[in-house]
Amino acid sequence: MGDDRRSFSYYKAIPVIEKLPFKIESGDQVKNLPAIGKSLRDHINEIVTTGKLSKLEHFENDEKVRAVSLFGEVWGVGPATALKLYDKGHRTLDDLQKDDSLTYAQRTGLKFFDDIRQRIPRHEVSEMEKLLQEVGKDILPGVTIVCGGSYRRGKSSCGDMDIVITHDDGKRYTSKHVKPGFLPKFVQRLKDINFLREDLIFSINSIEGTDSGVDTYFGLCTYPGRELRHRIDLKVYPRNRYASGLLAWTGNDVLNRRLRILAESKGYVLDDTGLYLATQSSGGKRAGRSEAIVNCHEEKDVFDTLGFPYLEPHERNL
DNA sequence: GGGCAATACTG
DNA sequence: CAGTAT
DNA sequence: GCCC
């Protein structure tokens, strides 16, 4: 448990198996497929011959596995904390509420556990995006506010909202934070109208007159007139970092990883703040990043620079 | 046997 | 710093 | 876990 790398391998094998045009009747049929090695092949063989996986039976009946994975679904609770809570004797979410070691964010995640798991219909996300744009332009005319994530990838429902914000001051591709005070004002205004309800993370890093730092807000919001909480993330980027920010927050994860690996192989470092030329770090294994940002005004510039065929947002559901 | 994306916040 | 999040 |  708590083995990210390994479970991720299972995760990667799922779509590979799902895309097979036939029903697997023997381990040999998955022999040369990517993401499926000896271990997974053995498991498949066992399922095909015995109809079940003995390893899995333990899991399903195991109280510990059940409780720990449940706890891990609470926002702010990861594998380590989930295990600690279990060791303390907790078994249900009600038990957790009595525990005073939880952080404010974890407590909030717990309180709205059921709310947060509800998916949001696309048309509602669309309305809330519009609402955010209205409020935003009222504070700062010319501000750009876009809902990224699965919404931008065209999904019919979304697990949360990823809002990416920037401002073009008319000087084209400014590298400065035009209005570093935007996010606090925006958040306050959204709380005033009862849209934002609880905070999870709120950090202001932007430095006035510079391009350093990205302002971030994670919290819970409600669709107007309703109490059901939804997860929402707000990120403010200076204009010259907006493309990489939007790209990263549109995803999906698989594409992000693929692009970042590709970037590294071509001597760059890619993250949500930009595309950099990797520096030759002296002895270290990991390449550092230079200050030189490769100019990427639009998402397509990132794809082009990396030599990766451009994908429209709806084509990024890898 | 080592890498698997990269980076920011909380406590 | 470890843990968690995106 | 998989892949080099």
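Throughout, protein chains are lettered first and strands after them, A, B, ... in sequence-line order, and every chain is numbered starting at 1. Values reported hereafter were calculated over all heavy atoms of this structure, with side chains retained and with hydrogens, waters and symmetry mates removed. Every value quoted in this text rests on a predicted model; they were computed, and no experiment measured them.
- In this structure, CD of A/Gln106 is placed 13 Å from P of C/dG3, rounded to the nearest angstrom.
- Residues A/Ile201 and A/Asp253 each lie close to DNA chain B; by heavy-atom proximity, the contact nearer the 5' end of the strand is made by A/Asp253.
- When the nucleotides C/dG3, D/dG1, B/dA5 are ranked by their closest atom to the side chain of A/Thr81, C/dG3 comes out on top.
- The side chain of A/Thr216 contributes no N or O atom lying less than 4.0 Å from OP1 or OP2 of C/dT6.
- Among the protein residues, A/Asp272 comes within range of no part of the nucleic acid, since none of its heavy atoms lies under 4.0 Å from any strand.
- At the phosphate of B/dA5, OP1 or OP2 sits under 4.0 Å from a side-chain N or O atom of A/Arg5.
- Look at CG on A/Leu318: it is 15 Å from P on B/dA5, rounded to the nearest Å.
- Protein atom CG of A/Asp160 is 19 Å distant from nucleotide atom P of C/dT4, rounded to whole Å.
- Within the 4.0 angstrom heavy-atom criterion, only backbone atoms of the sugar-phosphate kind lie near A/Tyr104; the bases stay farther away.
- Using a 4.0 Å heavy-atom distance criterion, A/Val16 is classed as making no nucleic acid contact.
- Although no hydrogens or angles enter the test, the distance criterion places a donor-acceptor pair under 3.5 Å between the side chain of A/Asp115 and the main chain of A/Arg229.
- Taking atom CG of A/Leu83 as the reference point, atom C1' of C/dA2 lies 14 Å away to the nearest angstrom.
- Remark: A/Arg231 is not in phosphate contact with C/dA5, judged by side-chain N or O atoms under 4.0 Å from OP1 or OP2.
- Atom CZ of A/Arg6 and atom C1' of B/dG3 are 15 Å apart (whole Å).
- For the C1' atoms, the distance linking C/dT4 with B/dA5 amounts to 16 Å, nearest Å.
- Here B/dA5 presents its C1' atom at 13 Å from CG of A/Asn252, a figure rounded to the nearest Å.
- The residues A/Arg66 and A/Glu63 are annotated as salt-bridged, a charged nitrogen and a carboxylate oxygen being separated by less than 4.0 angstrom.
- Side-chain nitrogen and oxygen atoms of A/Arg257 include at least one within less than 4.0 Å of the OP1 or OP2 phosphate oxygen of B/dA5.
- Using a 4.0 Å heavy-atom criterion, one finds that A/Leu200 contacts no nucleic acid atom at all.
- Rounding to whole angstrom units, NZ of residue A/Lys235 and P of C/dA5 are separated by 15 Å.
- If you check C/dT4, B/dT7, D/dC2 against the side chain of A/Asp271, the one that comes closest is B/dT7.
- Partners of A/Arg258 by side-chain contact (heavy atoms from CB on, under 4.5 Å), not counting sequence neighbours, listed by chain and number: A/Val254, A/Phe308, A/Leu318.
- Among B/dG11, D/dG1, C/dT6, the nucleotide with an atom closest to any side-chain atom of A/Trp75 is C/dT6.
- A salt bridge links A/Glu227 to A/Arg197: one of the charged nitrogens lies within less than 4.0 Å of a carboxylate oxygen.
- Put simply, the side chain of A/Asp271 gets close to the backbone of A/Gly274: a donor and an acceptor are under 3.5 Å apart.
- In this structure, of B/dA5, C/dT6, C/dT4, it is B/dA5 that holds the atom nearest to the side chain of A/Ile261.
- The nucleotide whose nearest atom lies closest to any side-chain atom of A/Ala80 is, among B/dC4, B/dC9, C/dG3, C/dG3.
- Closest approach to the A/Glu264 side chain among D/dG1, D/dC3, B/dA5 is made by B/dA5 (side chain taken as heavy atoms from C-beta onward).
- Inspection of the A/Ser157 and A/Arg122 side chains reveals no N or O donor paired with an N or O acceptor under 3.5 Å.
- The distance from atom CG of A/Leu220 to atom C1' of C/dA5 is 14 Å, rounded to the nearest whole Å.
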